[in-house]
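Here is the naming used below: chain letters follow the sequence lines, and residue numbers restart at 1 for every chain.
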Protein chains: 2
Amino acid sequence: MAASTVSYVLSGKRSISSATRDRVQEAVRVLGYRPNASARALASNRSNVIALVIPLRAGMHVPVLMQFATAVVTTARRFDHDVLLLTADEGRSGLERVSQSALVDALVVMDVELHDERVPLLRELPMPSVLIGIPADTEGLTCIDLDFFAAAEQCVDHLADLGHHEIALLGTPSAVYERQTGFAARTVAGFQAAAERRGIAGIETPCESTFEAVLETVGDLLREHPGITGVVIQNEPIIGPLLDVLRRLGRRVPEDMSLMAICADDVAVRQVPQLSSVTLPADEIGQQAVETLIAKLDSDLGPGVTLMPAQLTARASTSTAP
Amino acid sequence: MAASTVSYVLSGKRSISSATRDRVQEAVRVLGYRPNASARALASNRSNVIALVIPLRAGMHVPVLMQFATAVVTTARRFDHDVLLLTADEGRSGLERVSQSALVDALVVMDVELHDERVPLLRELPMPSVLIGIPADTEGLTCIDLDFFAAAEQCVDHLADLGHHEIALLGTPSAVYERQTGFAARTVAGFQAAAERRGIAGIETPCESTFEAVLETVGDLLREHPGITGVVIQNEPIIGPLLDVLRRLGRRVPEDMSLMAICADDVAVRQVPQLSSVTLPADEIGQQAVETLIAKLDSDLGPGVTLMPAQLTARASTSTAP
DNA sequence: TTCGGTAGTTGAAGCGCTTCGACAAGGACC
DNA sequence: GGTCCTTGTCGAAGCGCTTCAACTACCGAA
């Protein structure tokens, strides 16, 4: 019984008689044999590990990140890969390190900015990568994200259909806009485009993720634009505070004020009243990212941008304009 | 110039003349040379990767987990190690896989239950590990956690010192108790012990992490125990809802009701009013875990339990009993 | 019957490092 | 001047796999 035979049984890369295969598998089982990962990686030039670069920056909503990360790990395991966790604060050098040392076979990069310094590097690296988020120039890249432009449009359309003609977008913390994060910019663009198309007034404002900030931002907003009857909210952690603030201000949802959220479904459903929302499908995006990466690994799949379609669910937080 | 010489320059394991060293370093710089991680691991029997097992279970508060994870990754990088992310749903087999294939050198396991099925396995594995959390039998293990018993005691003492004699512990979701998670059990024990010692009434109840659950739980609590004037809260995500519920019920904080939280400092400070709290030092625990692990890696450090001391900070949410 | 082809198996080469033992050169000591 | 030790460098072995080329055995077609 040659070592190579065992290798072929385990990898299935050559035909093996069923007798031999059974014998090998039995021995593997009995001895509890596990191939050494480093030796395997050295010989095959594949580590079966992918890197996941997670942002740790101001304004990012942690539970959503974790949802992405979980989806990535779970899907990677389905394809017999493991996940190496990198934090974005290592920046370019972290990516260079893990790819040039062949620690990983491929990269998943989250929280991509419009003009991300890592993008040129990703183009050069001799290793497939998938971005979660869309930079300004996607030439030669593989990117996946929710279609935030369409998401915002759908929110506006839904409110416009209900007869609202002055609505607001309560956005992400200003830090997120300042670093030109793609998803935030695309949401604003979609919001403005749809408002214009529908001939209604659309006011957008950033909002920090604290109760006081919501209190102040919403207070200012309603003072300056008393005609607002609909709000689109993109910043998940302020959903609770916003509902609270509206209650304090005596505005009932949805009677006086309609609310649309762009957030995970379970978050929307957990509120009182349940929120009409466009789903942020973090699970599917993470899963899709890994599946694409695996495809690129063993078939030189070309680059391309995948926008997950936005899907709106009307619930109890929106109604016809007062 | 022998390959071995380069290796010795890079690792510093033998003395090298400064002339040679400079020449090698210059060449490394110019060529952008990076040692191949797999080859290095195969030859040296060290992958320089540690596994981090993260729970994805009901009732766990995600931002805190992320804080642990971040601290672990950052600290690991300080010691020139990387982090492989495992989810707890792979259970024992995940641990066996990564350790037996020598994918990693060591393990950090989070969210340990009192009778965790992974504990016996960890004792057997030929590889150091550190648990974040304390199981029932710590024989032969290295564990680190906040001293939740003392944390609860300090909360009770603080309230008792202020003259309260009927207080409640608003705990974690019941799922966390049911699976006998150590930190929750130790908090309850400390709460009860201190209440008894101080001769005051201590009522403890689990609480799910939704607004309605808080509304109902607190409603029931105050109906059955109308004399309660102080609450200790261990469940971070319900801090906001709790403040809201008390407001609705017309109980002012701290005039009518004193509040103590066991949570991260920044969370306590972000509330209105700012909460008196015992800090949950996730950063330090994560950091300490990795430092201990590194020490075990290259010096056969013995096992042992490290309880991080609890530290109480009085803020605006506690005052003398009404 | 002979020949080409296919399926099954094998030994050997080699992946890119680390580490061990050997060895040369030089300094200290008697 | 010879011996011993230290310091710096090197070649070779080997880590545990994968993969290639080669070989055997056997089958069907000519």
Side-chain angles (χ1 to χ4, degrees), chain A residues 1-49 79-82 84 96-106 125-127 297-298, chain B residues 1-49 79-82 84 96-106 125-127 297-298:
Chain A
M1 174 88 47
S4 46
T5 305
V6 176
S7 178
Y8 287 125
V9 169
L10 263 39
S11 70
K13 293 190 178 176
R14 286 217 175 164
S15 53
I16 297 282
S17 71
S18 57
T20 313
R21 190 176 331 116
D22 291 349
R23 224 150 54 84
V24 169
Q25 284 169 344
E26 175 63 9
V28 164
R29 214 184 46 70
V30 170
L31 302 175
Y33 168 77
R34 291 218 200 231
N36 178 295
S38 316
R40 193 198 269 265
L42 181 59
S44 67
N45 214 18
R46 280 290 190 88
S47 66
N48 276 31
V49 175
F79 292 99
D80 204 33
H81 281 243
D82 273 287
L84 198 81
E96 280 175 324
R97 184 170 56 79
V98 298
S99 56
Q100 286 170 12
S101 65
L103 229 192
V104 304
D105 292 337
L125 288 179
M127 177 170 294
L297 268 176
D298 40 43
Chain B
M1 176 84 49
S4 48
T5 306
V6 177
S7 177
Y8 286 125
V9 169
L10 263 38
S11 71
K13 292 191 180 178
R14 282 207 179 172
S15 54
I16 297 282
S17 71
S18 57
T20 313
R21 193 182 323 120
D22 291 350
R23 224 150 54 84
V24 169
Q25 284 169 344
E26 174 64 9
V28 165
R29 215 183 47 68
V30 170
L31 301 176
Y33 168 77
R34 288 214 203 236
N36 179 295
S38 316
R40 195 199 267 266
L42 180 59
S44 67
N45 214 16
R46 280 292 189 88
S47 67
N48 275 30
V49 175
F79 292 99
D80 204 34
H81 281 245
D82 273 286
L84 197 81
E96 280 175 325
R97 183 170 56 79
V98 297
S99 56
Q100 286 171 11
S101 66
L103 230 192
V104 304
D105 293 337
L125 287 179
M127 177 170 297
L297 268 175
D298 40 44

### Task
Using a heavy-atom cut-off of under 4.0 Å over every strand shown, decide if A:Leu42 touches base, sugar-phosphate, or nothing.
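Base contact - A:Leu42 has a heavy atom under 4.0 Å of at least one base atom.
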### Query
So what does B:Ser4 touch, heavy atoms closer than 4.0 Å: a base, only the sugar-phosphate, or nothing?
base
Does [X] have a side-chain nitrogen or oxygen under 4.0 Å from the phosphate oxygens OP1 or OP2 of [N]?
X: A:Lys13; N: D:dT19; value: yes
X: A:Ser11; N: D:dT18; value: no
X: B:Ser44; N: C:dT18; value: no
X: B:Ser15; N: D:dG8; value: yes

### Query
Are there more than 12 heavy atoms of other residues, nucleotides or ligands under 6.0 Å from atom CZ of B:Arg23?
no
### Query
Counting heavy atoms not belonging to A:Asn45, are there more than 12 under 6.0 Å from its CG?
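Counting neighbours around CG of A:Asn45, 12 or fewer heavy atoms of other residues, nucleotides or ligands fall under 6.0 Å, so no.
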### Message
Taking the nucleotide of DNA chain D with the nearest heavy atom to each, does B:Ala43 or B:Thr5 sit closer to the 5' end?
### Response
B:Thr5
### Message
If you only use heavy atoms from C-beta on, which nucleotide in C:dG11, D:dG11, D:dT9 is closest to the side chain of B:Arg14?
### Response
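Given the options C:dG11, D:dG11, D:dT9, the side chain of B:Arg14 is closest to D:dT9.
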### Query
Taking the side chain of B:Ala2 as its heavy atoms from C-beta onward, which of C:dT9, D:dG11, C:dT10 lies nearest to it?
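The nucleotide sitting nearest to the side chain is D:dG11.
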### Task
Enumerate the residues from residues 26-39 of chain A whose closest heavy atom to DNA chain D is under 4.0 Å, giving them by residue number; use none for an empty result.
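A:Tyr33, A:Arg34, A:Pro35, A:Asn36, A:Ala39, in order of number.
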### Angle by which the axis turns from one end of the helix from C:dT1-D:dA30 to C:dC30-D:dG1 to the other, five pairs per end, to 10 degrees
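Terminal axis comparison yields 40°.
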Rounded to whole angstrom units, what separation is found between the [atom1] atom of [X] and the [atom2] atom of [N]?
X: B:Leu103; N: D:dC15; atom1: CG; atom2: P; value: 20 Å
X: B:Asn48; N: C:dT18; atom1: CG; atom2: C1'; value: 13 Å
X: B:Ile16; N: D:dT7; atom1: CD1; atom2: P; value: 13 Å

### salt_bridge(B:Glu26, B:Arg29) N-O dist < 4.0 Å
yes
#### Entry: For A:Arg34, all residues meeting side chain to side chain contact (heavy atoms under 4.5 Å, CB included), sequence neighbours excluded
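Listed in chain order: B:Glu96, B:Arg97, B:Gln100.
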